[in-house]
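Here is the structure we will look at, set down as structure tokens.
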Amino acid sequence: MATRRITSLLSRSFLATSSIRSSSTGNNSRWARSISRFSTSAATEEPITPNVEIKHTKLLINGQFVDSASGKTFPTLDPRTGEVIANVSEASVEDLDRAVAAARKAFDEGPWPKMTAYERSKILYRFADLIEKHNDEIATLETWDNGKPFEQAAQIEVPMVARFFRYYAGWADKIHGLTVPADGAYHVQTLHEPIGVCGQIIPWNFPLLMYAWKIGPALATGNTVVMKPAELTPLSALYVSNLLHEAGLPPGVVNIISGFGETVGAGLASHMDVDKVAFTGSTATGQTILELSAKSNLKKVTLELGGKSPFIVFDDADVDEAVNTAHFALFFNQGQCCCAGSRTFVHERVYDEFVEKSRELAKKRIVGDPFKQGVEQGPQIDVKQFEKILKYIKSGVDDGANLETGGERLGSKGYYIKPTVFSDVKDDMLIAKDEIFGPVQSILKFKDINEVIQRANNSRYGLAAGVFTKNIDTANTMMRALRVGSVWINCFDVFDATIPFGGYKMSGHGREKGIYGLSNYLQVKAVVTPLKNPAWL
């Protein structure tokens with residue numbers, strides 16, 4: 001399958017799975033029987049032992065894997081069992097300073113920014129080739145550390161990482177300034193220059209994709225990087241960074257320091273020799289990052305934060321298709337997705353039908369060991385997130401929402417939660433306001449377009465939205481009225497290297513991916529030179 005097609009498969013492949021499950025005839029019935037052994041009871045079975053070697057657990061500083069200065073480590077856990085996968089070096093402020101110094105030297109004195117853009121692009125292309133070569137090992141690490149289905153990681157996410165790096169490799173030698181006309185005898189030009197040392201902090205829900213979203217444009221534009229992966233999922237970033245050096249990256253250009261937010265994360269945001277910070281994570285932490293950056297050296301900041309995205313189904317929509325897509329929009333990646341369609345608004349004329357079909361689809365969702373073929377939903381990331389989700393489910397029941405299905409733990413080992421659907425949800429309930437980040441679908445009822453616009457926009461978040469309608473006028477009205485960074489019409493979670501992504505309001509600022517992602521890592525310099533006796537102006 002061509003990599004280009006895989007970028008759009010993020011939505012289509014899982015929707016196809018849902019469509020198959022909803023049928024009970026012919027080949028679809030045989031398919032259903034072939035995976036019936038992977039029921040929700042799979043979470044209680046003995047977990048599969050991953051066939052991959054943990055090669056890299058140390059800090060990557062100046063091209064070398066090294067122990068932390070203190071010698072301290074911390075465990076990264078298997079969310080299927082809560083057991084330790086490996087102990088990873090825990091960076092301190094001293095390690096952060098070493099990494100920043102290496103990145104600064106690589107930018108000021110090293111070959112990377114002085115290398116031709118074409119030479120930089122060749123390294124990124126080679127890196128993408130190596131990612132494809134090691135696809136299964138990378139996907140295995142991602143699933144083991146994160147809990148997402150192996151099929152999702154191996155068939156969709158890792159190929160997308162290669163696609164992102166090829167996309168930005170292609171941009172490397174196409175970044176340039178302008179010649180600008182001015183009033184008077186002057187030659188005016190603009191230079192698009194790399195910012196310098198970039199601090200990058202990535203989350204645990206999509207470790208490798210966020211690695212690509214941030215490192216790809218940073219390197220294409222000639223910057224150097226100090227990255228902090230999430231302490232819950234450090235393994236894949238360390239593994240692929242070794243491949244990046246195998247592709248020919250000079251020492252010090254990319255440094256990976258695993259550790260905790262209060263030390264490494266805060267240290268990056270407040271470091272006086274870091275020129276830019278990019279962060280993906282919670283809104284509360286994003287506010288802290290912005291504050292620390294402002295109080296230190298007023299470094300440039302890009303934030304991709306939380307969301308409570310509306311998924312709006314009008315009465316003229318294809319209900320079956322809308323049910324399948326809404327299911328995917330919420331439950332994908334165990335519901336641990338910043339843009340999850342977590343407020344499902346359904347027109348009153350089709351509400352009851354939609355709720356019934358959504359409930360039955362959730363009951364059929366296959367939950368279990370993410371390494372098993374056919375499993376759609378693995379465990380939540382850790383015990384903290386697991387308990388948080390269960391508390392929100394209890395609040396939904398206590399607030400009077402109707403629990404249609406799920407709502408409880410699955411099995412006795414690991415962090416599995418049954419797919420949960422609530423109906424009769426009201427706007428003032430916590431499950432309709434807060435970002436749950438779990439497999440909890442909240443279905444709300446609306447009467448008309450003006451009402452749903454007002455209610456959909458009545459949120460502190462503004463990351464994304466989905467709209468299902470057959471009416472082009474309705475679609476055009478909604479795409480302009482919704483105060484969000486992405487609107488998917490009759491689809492959801494369609495991601496591509498070319499499509500920008502980011503939020504309004506407290507979902508952050510700045511855009512990642514596409515041509516817009518380059519501007520995060522560039523500065524514009526104006527250069528003016530007097531002209532003597534110009535032939536023309």
Side-chain angles (χ1 to χ4, degrees), residues 8-24 28 307-333 335 337 339-365 376-377 401-402 404-406 419-425 427 431-432 439-453 455-457 459 463-479 481-482 484 486-495:
S8 61
L9 283 178
L10 183 57
S11 63
R12 291 207 299 266
S13 64
F14 290 103
L15 290 179
T17 302
S18 298
S19 298
I20 291 172
R21 288 205 319 276
S22 66
S23 175
S24 59
N28 294 341
K308 193 69 177 175
S309 300
F311 186 102
I312 303 166
V313 181
F314 285 90
D315 57 344
D316 64 339
D318 181 318
V319 173
D320 288 336
E321 185 179 359
V323 166
N324 283 332
T325 308
H327 178 89
F328 164 73
L330 188 283
F331 291 104
F332 174 65
N333 207 52
C337 189
C339 58
S342 52
R343 290 185 295 153
T344 307
F345 290 95
V346 181
H347 194 279
E348 60 183 5
R349 291 196 188 97
V350 295
Y351 185 84
D352 291 342
E353 178 187 1
F354 187 97
V355 169
E356 179 183 356
K357 291 181 175 180
S358 295
R359 178 184 65 242
E360 296 309 307
L361 188 57
K363 287 181 178 179
K364 297 174 183 177
R365 187 167 183 83
E376 299 169 285
Q377 181 177 315
N402 184 32
E404 296 283 343
T405 187
T420 300
V421 177
F422 280 105
S423 63
D424 298 327
V425 178
D427 292 356
I431 59 173
V440 181
Q441 184 178 28
S442 299
I443 308 177
L444 304 92
K445 185 186 297 185
F446 75 94
K447 293 182 179 180
D448 59 55
I449 189 170
N450 291 327
E451 173 200 330
V452 78
I453 288 171
R455 291 171 64 192
N457 285 334
S459 170
L463 192 54
V467 175
F468 257 72
T469 179
K470 295 178 181 177
N471 188 314
I472 188 63
D473 294 328
T474 300
N476 283 333
T477 296
M478 295 302 295
M479 73 174 70
L482 293 169
V484 297
S486 296
V487 179
W488 289 293
I489 307 292
N490 296 328
C491 59
F492 205 87
D493 273 355
V494 178
F495 287 97

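None of these values were measured; they are calculated from a predicted model.
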[atom1] of [X] to [atom2] of [Y]: how many Å apart, nearest 0.5 Å?
| X | Y | atom1 | atom2 | answer |
| --- | --- | --- | --- | --- |
| Phe354 | Ser423 | CZ | OG | 11.5 Å |
| Ile312 | Leu482 | CD1 | CG | 5.0 Å |
| His347 | Asp448 | NE2 | CG | 7.0 Å |
| Met479 | Ile489 | CE | CD1 | 4.5 Å |

How close do [X] and [Y] get, heavy atom to heavy atom, and via which atoms?
| X | Y | result |
| --- | --- | --- |
| Thr477 | Ile449 | CG2-CD1, 3.9 Å |
| Phe492 | Gly466 | CE1-N, 3.6 Å |
| Ser442 | Ser342 | CB-O, 3.9 Å |
| Asp318 | Lys470 | N-CE, 3.9 Å |
| Thr420 | Gly406 | OG1-C, 3.7 Å |
| Ser358 | Gln441 | CB-OE1, 4.0 Å |

Option passing ring-ring contact (aromatic ring centres under 6.0 Å, His included) with Phe314 (candidates Phe446, Phe345, Phe468, Tyr351):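 Among Phe446, Phe345, Phe468, Tyr351, the one meeting ring-ring contact (aromatic ring centres under 6.0 Å, His included) with Phe314 is Phe446.
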
Sole residue of Thr325, Leu330, Val467 in side-chain contact (heavy atoms from CB on, under 4.5 Å) with Phe311: Thr325

If we only count heavy atoms from C-beta on, is the [X] to [Y] side-chain gap below 4.5 Å?
| X | Y | answer |
| --- | --- | --- |
| Pro439 | Arg365 | no |
| Cys339 | Asp493 | yes |
| Val487 | Met478 | no |

Check: Lys308 side chain, Leu463 main-chain N or O, donor-acceptor pair, under 3.5 Å: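 Side chain of Lys308 to backbone of Leu463, a donor-acceptor pair under 3.5 Å: no, none is there.
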
Side chain to side chain contact (heavy atoms under 4.5 Å, CB included) between Glu404 and Ile443, intermediate numbers included: CA-CA 10 Å; Glu404 296 283 343; Ile443 308 177; over 6 Å; no

Any residue meeting ring pair (Phe, Tyr, Trp, His ring centres under 6.0 Å) with Phe422, in chain and number order, not counting sequence neighbours: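 For Phe422 there are no ring pair (Phe, Tyr, Trp, His ring centres under 6.0 Å) partners, ignoring immediate neighbours.
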
By ring pair (Phe, Tyr, Trp, His ring centres under 6.0 Å) - contacts of Phe331 (at least two apart): His327

Charged N-O contact under 4.0 Å between Glu360 and Lys363: yes

Candidate pair Ser309 and Trp488, rule side chain to side chain contact (heavy atoms under 4.5 Å, CB included), full reasoning: CA-CA 11 Å; Ser309 300; Trp488 289 293; over 6 Å; no

Sole candidate of Thr469, Asn471, Thr474 that passes side-chain hydrogen bond (donor to acceptor under 3.5 Å, both in side chains) when paired with Asp316: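 In the set Thr469, Asn471, Thr474, the residue that makes a side-chain hydrogen bond (donor to acceptor under 3.5 Å, both in side chains) with Asp316 is Thr469.
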
